[in-house]
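Order of the sequence lines sets the chain letters (A, B, ...), proteins ahead of strands, with each chain counted from 1. For clarity, every value in this text was computed on a predicted model and none was experimentally measured.
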There are 2 protein chains.
Amino acid sequence: MVRAAELYYEDGKTQDEIGALLRTTRWKVGRLLAKARDRGIVRIEIVHPRARRLALERLLRERFGLADAIVVPAADDSEVQASVARAAADYLAALRPVPRVLGISWGRTLSAVAERLAPGWASEVRVVQINGGISLSSSPGSGAGSAASTAAMIAQKAGGQAILLPSPAILEHAATKAAIESDRTVAGVLQLAGSATAFLFSAGVADASSVLVESGYLTADDVEALVERGAVGDVVGRFIDASGRIVDDALDARTVGIGHDALRAAKTSVLVIAGESKHPVARAVVSSGLCSVIVTDEATAQALTQEPQKQHSAGPQNSSLSPQQTQGVPHA
Amino acid sequence: MVRAAELYYEDGKTQDEIGALLRTTRWKVGRLLAKARDRGIVRIEIVHPRARRLALERLLRERFGLADAIVVPAADDSEVQASVARAAADYLAALRPVPRVLGISWGRTLSAVAERLAPGWASEVRVVQINGGISLSSSPGSGAGSAASTAAMIAQKAGGQAILLPSPAILEHAATKAAIESDRTVAGVLQLAGSATAFLFSAGVADASSVLVESGYLTADDVEALVERGAVGDVVGRFIDASGRIVDDALDARTVGIGHDALRAAKTSVLVIAGESKHPVARAVVSSGLCSVIVTDEATAQALTQEPQKQHSAGPQNSSLSPQQTQGVPHA
DNA sequence: TCCCTATCTGCTCATATGAGCACCATTGGC
DNA sequence: GCCAATGGTGCTCATATGAGCAGATAGGGA
């Protein structure tokens, strides 16, 4: 019965084909499927895209001590980004107290959030970039997806002011970085960024597809070297390992922007993250306390709540019905 | 789009009907549905009936400090009982160390478990009834569903011995109860029951459908009076309130069988419970530590992990995307 | 043992549905 | 302003599918 249901609904085979495969008539298959349907073996569920996964949200909050968690239902893989971005935009707009200074990172995700923010989502917000970045529109596909325009759009939609960080993300020498940070303008922006009442940021994966590689701050080889040293991804340009620690202090000393301590100290720091490739970074960020709120998709949330080591649980859970342990010791 | 999907998959309407309703053509509806399907708004899932809900199991273990939890996927309402019973049977068979003395209650659920136990599931098990009960087959539908035959079947399938408790469940006078418990046979059975290495029991709902009413130990009025005093259900014939406490000490003094302390003290006491009507009792049992293992269905498990007070969360979660609180205080 | 009933099986037929196709609208480049 | 391209719309047609029905099968009581 289960086999028939799989062949029909998952492999899209016709009932005759299944009949031939299972050596029965197509009518039997039809009836089998009907039975499977009302026995609940085939479950058809309509997912309201705006609905949330409250159970997972609660689990995340409890597991990681988060102030809040937003989990949107899993959509088609290309839609998750959009769906999570919308949720993040809604969350930001509903955030109370309304942040007076909002610190943001930049990248594809933040850009998507900015696009989906409702005009007039707030008023008198100062939107400040918290890490250095590209200034000219580099991603050809996503139109106005630059660092500057993200901040600008968020600010503009609130009728507020955008404060940009006029600096590259990563400099070639630590000395240059020190110099640029001592520049009055840059120092001012960073100070403002440090005093932000809320942060909104995403995280990047440590691989060649990183925006830092795309915009030329690092080479694919650089990133590979970081991965070998345990890097799982970057948060505001700074690469961390699975436990949330900075991987390369020398590199970090050449990176412009607020430090991770500022994020950890903030009352409200919102991580927006979606997609399977980001699961490892998401885990690192969440479990190391870099964010107090997470906005993500169902699959990521699920992955976060699974056992840390197992990467892929590979398909439906077919584990047999055996008691795992009978010691009677609850494992908190 | 969501509306169309609901009308089609949930209300079973035809595509032109939906077309008429939404003032479009049936082709548009067809395409809309196709889009909804691969966007993941309509989710079709094949549930392996033997699969388990590992996430919920973990949540239950953590929330209630259980040694183990088995949660089977929600099937059609009439099937849950069967499905949970099978899981319980499997669990019992796989339990290590194999119990030498197994204490069991009786009722529809236990009978269903007994039926599904594999012959030869264990050897040299002594199965002892832990509460008094009916002796002649009273439930007409379920064939051999009496208290005695449940124990007998479980024992027989293990090639073991059944020790029955030759006593009514509830006596009219406490004195009679004391007398019967001082009877050598009864006392011996109770002592053996108290020393069981594992318990397997279910719980009854406090309403007129209770087996205790059906078999004449109590009247519907009696039960109603108990409910008014806070009773949510009974465990081995003893009625408890939402916090797991005995509701009526006088009645309890007339009830024959082991006490709840024995269950609480046991290393392995397995609650088998299924169905919506049993959610309140299940909560009472689990949260008061009466069981160390629960075997149940998805819906019950879900209900247990929801907020205690809310009864029905009534339909899909349409709550808006607003942050619940922004105090930044994680609520453990 | 027989018979009655309930369920299952194979089949026909009407129909709901998806693939394919021509047509129209909207958009963007020149 | 014109034209190509892209995506949506209405339609036809083959077909996969569910309802309905007669015969087969099995199970259970007398």
Side-chain angles (χ1 to χ4, degrees), chain A residues 1-46 49 75-79 81-83 115-116 137 139-146 149, chain B residues 1-46 49 75-79 81-83 111-112 115-116 119 136-146 149 153:
Chain A
M1 179 144 75
V2 176
R3 184 102 196 88
E6 285 174 341
L7 289 168
Y8 188 73
Y9 286 103
E10 289 177 352
D11 300 355
K13 293 202 188 301
T14 169
Q15 293 188 349
D16 293 353
E17 288 177 305
I18 300 171
L21 249 103
L22 304 184
R23 301 172 199 294
T24 31
T25 62
R26 72 184 189 78
W27 298 284
K28 252 178 158 171
V29 174
R31 287 185 179 114
L32 217 56
L33 287 173
K35 202 160 60 179
R37 244 167 290 150
D38 68 35
R39 280 229 200 147
I41 290 173
V42 173
R43 211 181 295 183
I44 300 180
E45 189 190 356
I46 313 293
D76 180 57
D77 218 48
S78 60
E79 314 277 339
Q81 168 97 343
S83 184
E115 266 177 47
R116 282 164 187 80
S137 171
S139 36
S142 60
S146 82
S149 70
Chain B
M1 179 144 75
V2 177
R3 184 103 195 89
E6 285 174 340
L7 289 168
Y8 187 73
Y9 287 103
E10 289 177 353
D11 301 354
K13 293 204 188 301
T14 170
Q15 293 188 351
D16 11 357
E17 286 179 305
I18 299 171
L21 249 105
L22 303 185
R23 300 172 202 294
T24 30
T25 62
R26 71 185 190 76
W27 299 284
K28 253 178 159 172
V29 174
R31 287 182 180 116
L32 217 57
L33 287 172
K35 202 160 60 179
R37 242 168 290 150
D38 67 35
R39 280 231 198 145
I41 290 174
V42 173
R43 210 181 295 182
I44 299 180
E45 188 190 357
I46 313 292
D76 180 57
D77 218 47
S78 61
E79 313 277 340
Q81 168 97 343
S83 184
S111 167
E115 266 177 47
R116 282 163 187 81
L136 32 87
S137 172
S138 80
S139 35
S142 60
S146 82
S149 70
M153 187 181 291

Can you identify which nucleotide, out of [options], has its nearest atom closest to the [X] side chain?
X     : options                : result
B/T25 : D/dA16, C/dC11, D/dG10 : D/dG10
B/R26 : C/dT17, D/dC11, C/dC11 : C/dT17
A/W27 : D/dT12, C/dC11, D/dA16 : C/dC11

With a 4.0 Å limit, can you tell me whether [X] has a side-chain N or O closer than that to the phosphate oxygens OP1/OP2 of [N]?
X     : N      : value
B/Y8  : C/dA16 : no
B/Q15 : C/dT15 : no
B/R37 : C/dT17 : no

I need the [atom1]-[atom2] distance between [X] and [N], as an integer number of Å.
X     : N      : atom1 : atom2 : result
A/R23 : C/dG10 : CZ    : P     : 15 Å
A/L33 : D/dA16 : CG    : P     : 15 Å
A/K28 : D/dG18 : NZ    : C1'   : 18 Å
B/K35 : C/dT17 : NZ    : P     : 18 Å
A/D16 : D/dG18 : CG    : P     : 12 Å
B/L32 : C/dG18 : CG    : C1'   : 15 Å
B/E17 : C/dA16 : CD    : P     : 8 Å

Out of curiosity, [X] [atom1] to [Y] [atom2], how far, rounded to the nearest 0.5 Å?
X     : Y     : atom1 : atom2 : answer
B/R37 : A/I44 : CZ    : CD1   : 9.5 Å
A/L32 : A/R39 : CG    : CZ    : 9.0 Å
A/M1  : A/E6  : CE    : CD    : 12.0 Å

A/R31 (side chain) and D/dG18 (base): donor-acceptor pair under 3.5 Å | no
Residue of the set A/K13, A/Q15, A/R3 for which side-chain contact (heavy atoms from CB on, under 4.5 Å) holds with A/Y8 =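 Only one of A/K13, A/Q15, A/R3 forms a side-chain contact (heavy atoms from CB on, under 4.5 Å) with A/Y8, namely A/Q15.
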Please determine, by modelled atom types, if B/D16 and B/T14 share a side-chain donor-acceptor pair under 3.5 angstrom.
-> yes
